[in-house]
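The chain is numbered in sequence order, starting from 1. Note that this is a predicted model, so its numbers are computed, not measured. Just so you know, ligand 1 is whichever comes first in the structure, and atom 1 is the first atom listed for that ligand.
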Amino acid sequence: MDHAADTFRTDLMTITRHVLNEQSRHPESRGDLTILLSHIVLGCKFVASAVNKAGLAKLTGLAGETNGEEQKKLDVLSNEVFVNALVSSGRTCVLVSEEDEKATFVDPKLRGKYCVCFDPLDGSSNIDCGVSIGTIFGIYMIKNQDTVTLEEVLQPGKDMIAAGYCMYGSSCTLVLSTGNGVNGFTLDPSLGEFIMTHPDIKIPPKGKIYSVNEGNAKNWDTPTAKYVEKCKYPTDGSSPKSLRYIGSMVADVHRTLLYGGIFLYPADKKSPSGKLRVMYEVFPMSFLMEEAGGQSFTGKGRVMDERAKLVVQTTTLIAVVQTCLMLIHKRDVRRG
Ligand code: AHM
Ligand code: MG
């Protein structure tokens, strides 16, 4: 007997099908978010392909370097791809990218109602050695696209309506939430489609892993140092946690979502406001973490209650600094 379904999946939940299903839960929807997400997915596919070919195509190295002919650094190329994809969707009015110092206000003729904050290629220190890197994005709705100001872009994290990341690793995985749980999709290169492989991701209730750059330990404050010490030398008779740290937020958060545990990038004497950027790193990951049943803290309170600040001295939207990011499951918080 031929059991094709035993060998091949024959009922494929592509990311497009999933997003359309989600859309049908909102009969009033005009499909704008669906269109926007399809443009983001296109950007992710392009970057996945560029990352795969990076060594061959000599895309690694510094922007501006020439190698016979002008080469573009991968993160610059990725940014261009996402900016073009987002603008051409006709559904965005403001773009906030890690690669651009200033927020980009879309030409009024092409404007839609969404603001997208994104890091086109996060984990820059890992790009040139082939370690997992990723794209992070978060989406806000803007009340009036024609009159939108920078002030309106600096919304609190809790107003975000969708977020996701795409990890370019041993496989290419896109994790997405539109506020109704978290789902993961893996790119099937032969189909050129993201297929749902991780439905309804929930962070495991208890984690055995802690993830932090311990090279910064000498600059930590006492509570951070004590917390990490307890991970290694627990005082309650439990086993020590394992340390895993890749240095690519997408990969470290992805592992935390799937295996559980804690990821943190605390403030320290060297970076008194922390390193990770609120709008396109911390908020989207916190959105996903909460949707998956986890929690995200600044060290003082819930991340999503925060609002990014404008850094006046540069008159641009950077800033977006955070005192501490901890992504942790609720039970670990209580055990603290
Ligand atoms: P980047 O935006 O320059 O790539 O920096 C962000 C990255 C995160 O992906 C990662 O969590 C962190 O920086 C690692 O920093 P460090 O090398 O200081 O541990
Ligand atoms: Mg980054």
Side-chain angles (χ1 to χ4, degrees), residues 43-44 47 50-51 54 59-63 73-79 81-83 95-101 103 116-138 163-169 173 175 209-220 224-225 228 243-257 261-289 296-299 303 308 311 316-328:
C44 293
V47 175
V51 168
L59 283 166
T60 53
L62 297 172
K73 200 180 163 193
L74 259 185
D75 41 12
V76 176
L77 179 71
S78 306
N79 189 47
V81 167
F82 276 103
V83 169
L95 309 179
V96 179
S97 165
E98 189 190 87
E99 290 297 321
D100 295 318
E101 258 186 85
V116 182
C117 305
F118 61 105
D119 185 346
L121 206 54
D122 183 62
S124 38
S125 65
N126 283 323
I127 293 179
D128 288 354
C129 60
V131 171
S132 295
I133 45 183
T135 297
I136 309 170
F137 59 91
Y165 60 78
C166 186
M167 184 176 70
Y168 312 106
T173 308
V175 171
I209 296 172
Y210 73 104
S211 184
V212 66
N213 185 344
E214 283 211 64
N216 294 330
K218 84 173 169 70
N219 291 319
W220 286 344
T224 307
V228 173
L243 168 65
R244 298 281 183 277
Y245 188 72
I246 298 166
S248 277
M249 189 189 197
V250 170
D252 282 316
V253 169
H254 187 63
R255 183 200 54 247
T256 308
L257 269 180
I262 177 165
F263 169 81
L264 52 157
Y265 204 111
D268 59 31
K269 285 187 205 121
K270 215 173 69 197
S271 319
S273 305
K275 173 177 177 181
L276 301 175
R277 274 59 55 111
V278 171
M279 294 203 75
Y280 37 78
E281 292 174 339
V282 176
F283 279 166
M285 293 309 205
S286 300
F287 184 94
L288 292 165
M289 192 52 68
S296 180
F297 294 104
T298 62
V303 163
V311 173
T316 59
L317 184 74
I318 47 176
V320 295
V321 285
Q322 194 68 36
T323 49
C324 171
L325 171 70
M326 302 171 83
L327 301 172
I328 188 170

Requested in this report: Below 4.0 angstrom from a heavy atom of N213, which ligand 1 atoms are there? Numbered from 1 as shown, please.
Outcome: 16 (P), 18 (O), 19 (O)
Query raised in the report: Going by the order shown, which atoms of ligand 1 are within less than 4.0 Å of some heavy atom of E281?
Result: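 That gives atoms 2 (O), 6 (C) of ligand 1.
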Query raised in the report: Which atom, among the N/O/S set of E281, is closest to the Mg ion (ligand 2)?
Result: OE2
Query raised in the report: Does ligand 1 have any atom sitting under 4.0 Å from a heavy atom of G123?
Result: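 So G123 counts as touching ligand 1.
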Query - Distance (rounded to the nearest 0.5 Å) between F297 CZ and L264 CG - result: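 One finds 12.5 Å between CZ of F297 and CG of L264.
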**Report entry** Rounded distance (nearest 0.5 Å) linking atom OH of Y245 with atom CG of D252
**Finding:**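 Going from the OH atom of Y245 to the CG atom of D252 covers 6.0 Å.
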Judging by distance only, is a nitrogen or oxygen of [X] under 3.5 angstrom from one on ligand 1?
{"X": "L121", "answer": "no"}
{"X": "Y245", "answer": "yes"}
{"X": "M249", "answer": "yes"}
{"X": "K275", "answer": "yes"}

Requested in this report: Specify side chain, backbone, both or neither for D119, according to which of its non-hydrogen atoms lie closer than 4.0 Å to ligand 1.
Outcome: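 The part of D119 near ligand 1 is the side chain, not the backbone.
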Report summary line: Residues at least two apart in sequence or cross-chain that pass side chain to side chain contact (heavy atoms under 4.5 Å, CB included) with K270, listed by chain then number, are N216, N219, D268
**Report entry** Nearest-option assignment for atom 1 (P) of ligand 1, heavy atoms, candidates A251, S124, P120
**Finding:**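 Answer by nearest heavy atom: S124.
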Requested in this report: Verify side-chain contact (heavy atoms from CB on, under 4.5 Å) between E98 and D75, making sure each step is shown before the conclusion.
Outcome: CA-CA 10 Å; E98 189 190 87; D75 41 12; over 6 Å; no
Query raised in the report: How wide is the angle at the Mg ion (ligand 2) between OD1 in D122 and OE2 in E98, to the nearest 10°?
Result: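 Roughly 180°, rounded to 10°.
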Query raised in the report: What heavy-atom pair brings V212 and L243 nearest, and what distance separates the two atoms?
Result: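 So the two residues come closest at O-CD1, 3.9 Å.
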